[in-house]
Amino acid sequence: MPSAGLAPRRLGQLAALLVMFAAYLAQLVGALVPYAPVFIAAAAVNLTLDLFIQYRKPGLLSLLSKIRLDVTTRQLVRDMLILVALLRISGIEPLSEQSPLTITLLAFYTLFFFSQAVAVLVRRSRSMPLLTRNIDASALRLTAAPPRLLARRQNHRLLAFSVPATIGLLLTVATTDAVWGEIGLGIAVVLMGAGAAYLATWLTPRKRAQHEAKVLEWLDSWLADYRPTVGMYFSGGSSSAYQANMWLSTLSELDGKPLIVLRERFMVQKIEATDIPIVCIPKVANLMTLEHSTLKMMIHPANSGKTSQVLRIPSIKHAFINHGESDKLSSCNPYAKAYDEVWVAGPAARERYQLADIGVDDRDVVEVGRPQLAPITPYTGAPQGDAFTTVLYAPTWEGWDGNPGNTSVILAGENIVRRLLADPKVRLLYKPHPMTGSVDPRAGAANERMQAMIREANGKRSGARPGAQAAAELNRRAAALDELTSTAFRGSADEMERMLVQGTPQGDRAQAVAEATTAWETAYWASFPEWEHQIITDSRPAIFTCFNVSDVLISDVSSVVSDYLSSEKPYAVANTSGLTEDEFRSGFPTVRAATILTPDAKGVPALLDSVRAPEKDAHASARAALKEHLLGPSDPPSLDRFNDAVRALCDEADERRIRMTARLASEIPGQRDADERADAAQEEESDAGAAEIAEAVRDPEVAEAVESAEAVEPTETPVGADAATGEKKSDSAVTA
């Protein structure tokens, strides 16, 4: 069901279309009558509306394109109607040989289409075969991009450069003096021609991207200098970047030299602030460059169709680390068999793979914990005094398989939110999964309704609010964080210019970002009253920060549950699968220490009571045991275990390289030795035969026979030919 906010927007779009069509109709009538005032007014309204839509309402442009009324067509229709008006007005002959109006107008459009072609060539000439970030790529002679108006915004360019022409022609209609049209068209032609000429300078070798072979040669050189040892490989859609971002802190703390390898160009800017070098290699043929690098192993946070391409490189070991662990079948994908090892948090995941029976050898499963959970603070007890009970409701999305048990949003979400909002001592933090509603529209509609319920509940609450100083502090911290995490690109910047700007980072940028993030989070929570519910749909504050400020979690069967367990705080899981509670607990180990909520959410009041009165919490001891079962032991720390696994897999890669080197060293010289021995034996055999002949020649009878044979005229049979037929023998026959 579409949200209520869409109706006014669609009505506005419809009104704009109607006004535009009415203006075209008025222009046509004014041209045919002819009646100059109506025509000029309609044309002015039409042009102004088109400029407004182009710069302020770009969403309407897609609708116009669908009905084949793009900006070029609209401008052509306007100019055609102007010519019709000029033909109908006495005293002006725009099509006569003496009038340059039509010729100049045609020249303007010729230059426009020429500039379109130049823009396409420029964009292609600046396309890089690979993209980098946090790498000094100045050796590639990177340059700034041309103005966006010339290179990428052909619609804006046509409208902007045609304004003088349209104004001049309308003045000609009003005054019947062709000079005004000639002046306007002359200005438009000069603008379009000069723009095309200036844009063409980006086709010179100095501003073009270097040839693919040169760029790959530079990459080989950089890899040889940097000598990476461990990499993270990631490929996915724009909404999946969080799967890689959650491992950035872990990757930066590993021993060795890390590298991030991406496949999609847009993903380069989706990766959060980090000092780790990033290289994006879209083409699979160029990806094979990594085979000759010092990379020993790669970790994989997600499966994708392009993952199989990097798995072809035999010199690199591969470990699947996933982007979270849950009891869903997706956490035990048969694709995991393709990796050298599967790294999991604790014994529960190991058991899950064996129960799934998908072919993953238990010897290839390595327990490494979840090192990125370190920022989660442990449970410190129930809320004290009159403090609000902060409930984090973080449901997952609906998934691809249509299983109703994947998400609680559709069947239980509104009931959960309604019962939480009914408690006056609850502060609700609602953080839906970013992909909610991407598959099932019902989930998106329920998500919108829940947010509306929360906003309505906030409107009914009142109390003291933090002063202006808190808001100012938040703005200051946000500005400082944005300055560190976002790179200020010009509006015209293309991929090559971004590579130039995002070169080698200065200083310990990751540490600075971490400190700025902590300061921002403190200011964020301080800027809201403790009684106000929050809807959190942005990337900030992060989910772990929400964990730390919450007293209890309500979620679905997802990795959020196992991550939250690291705090040992109470949690609840919604059961929308249709299973009984016993079946649900038995089938999903992560819920064994949880309060189970049915779709009607009747258990919410009892859950809140157990949070406020720890003596009523029947799952406290079970949570501690389940935490170790899911996430592994606390000692040694997870990061140490993860680092040990990295070193072990790197050692395996080194051992393989040593074996391959030894094998090549033994095979090739061995073949040469055999050939040399065969040649030596043949020479010995030839020497022995020559000695026998020499000895025989000393015999008088033999010498006489030889002399008689030499006196016979030699035949024309070539070497290797059959003596009887003269035909050339096969190589095998000659050898024999």
Side-chain angles (χ1 to χ4, degrees), residues 9-10 12-34 38-88 94-95 101-123 148-173 181 184-189 191-193 195-196 199:
R9 186 178 68 181
R10 290 177 178 174
Q13 293 176 344
L14 180 60
L17 287 175
L18 291 176
V19 171
M20 179 177 289
F21 292 143
Y24 276 122
L25 181 60
Q27 273 188 271
L28 179 61
V29 172
L32 294 176
V33 169
V38 171
F39 178 83
I40 294 172
V45 168
N46 204 330
L47 180 60
T48 304
L49 180 60
D50 210 339
L51 290 169
F52 175 78
I53 291 174
Q54 197 74 35
Y55 287 93
R56 295 299 181 90
K57 299 293 182 182
L60 186 57
L61 297 176
S62 60
L63 293 178
L64 293 171
S65 297
K66 288 179 181 178
I67 60 175
R68 301 296 187 269
L69 196 60
D70 59 11
V71 65
T72 306
T73 304
R74 296 196 301 273
Q75 186 61 35
L76 280 169
V77 171
R78 272 193 298 271
D79 290 337
M80 180 190 69
L81 290 175
I82 291 176
L83 289 178
V84 171
L86 292 174
L87 286 171
R88 300 283 295 175
L95 300 181
L101 293 179
T102 304
I103 297 175
T104 311
L105 185 61
L106 290 175
F108 171 78
Y109 278 100
T110 300
L111 286 173
F112 167 69
F113 289 115
F114 173 74
S115 66
Q116 288 283 81
V118 173
V120 172
L121 292 176
V122 168
R123 291 198 297 270
R148 182 167 50 173
L149 180 66
L150 300 178
R152 297 185 176 275
R153 291 193 167 183
Q154 64 271 16
N155 295 342
H156 293 71
R157 180 171 69 251
L158 176 60
L159 276 179
F161 290 177
S162 65
V163 168
T166 302
I167 293 176
L169 290 172
L170 290 179
L171 287 174
T172 296
V173 172
L185 283 170
I187 295 174
V189 167
L191 289 175
M192 191 65 74
L199 181 61

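By convention here, the first residue in the shown sequence is residue 1.
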Over all heavy atoms of both residues, which pair between [X] and [Y] is shortest? Give the atoms and the distance, please.
X: Ala196; Y: Val118; answer: O-CG1, 4.2 Å
X: Ala165; Y: Leu185; answer: CB-CD2, 3.5 Å
X: Gly181; Y: Thr172; answer: N-OG1, 2.7 Å
X: Val45; Y: Ala23; answer: CG1-CB, 4.5 Å
X: Gly186; Y: Thr104; answer: N-CG2, 4.3 Å

Once you round to the nearest 0.5 Å, how far does [atom1] of [X] lie from [atom2] of [Y]?
X: Ser115; Y: Leu191; atom1: OG; atom2: CG; result: 11.5 Å
X: Arg123; Y: Leu199; atom1: CZ; atom2: CG; result: 9.0 Å
X: Gln75; Y: Asn46; atom1: CD; atom2: CG; result: 9.0 Å
X: Leu76; Y: Asp70; atom1: CG; atom2: CG; result: 9.0 Å
X: Leu32; Y: Leu87; atom1: CG; atom2: CG; result: 11.0 Å
X: Leu106; Y: Asp79; atom1: CG; atom2: CG; result: 10.5 Å

Report yes if some heavy atom in the side chain of [X] is under 4.5 Å from a heavy atom in the side chain of [Y]; otherwise report no.
X: Val84; Y: Phe39; value: no
X: Leu158; Y: Phe108; value: yes
X: Ile82; Y: Leu105; value: no
X: Leu86; Y: Leu101; value: yes
X: Val33; Y: Val38; value: no
X: Phe161; Y: Leu111; value: no
X: Gln116; Y: Val120; value: no

Any donor-acceptor N/O pair, Arg157 side chain to Leu150 backbone, under 3.5 Å: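 Yes.
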Residues, nucleotides or ligands: over 12 heavy atoms within 6.0 Å of Phe114 CZ: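 No.
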Summary of salt bridge (Lys or Arg N to Asp or Glu O under 4.0 Å) pairs that have at least one residue in residues 101-114, sequence neighbours excluded: none
Qualifying residues under side chain to side chain contact (heavy atoms under 4.5 Å, CB included), relative to Arg74, sequence neighbours excluded: Met20, Tyr24, Asp50, Gln54, Leu61, Leu64, Leu69, Val71, Arg78
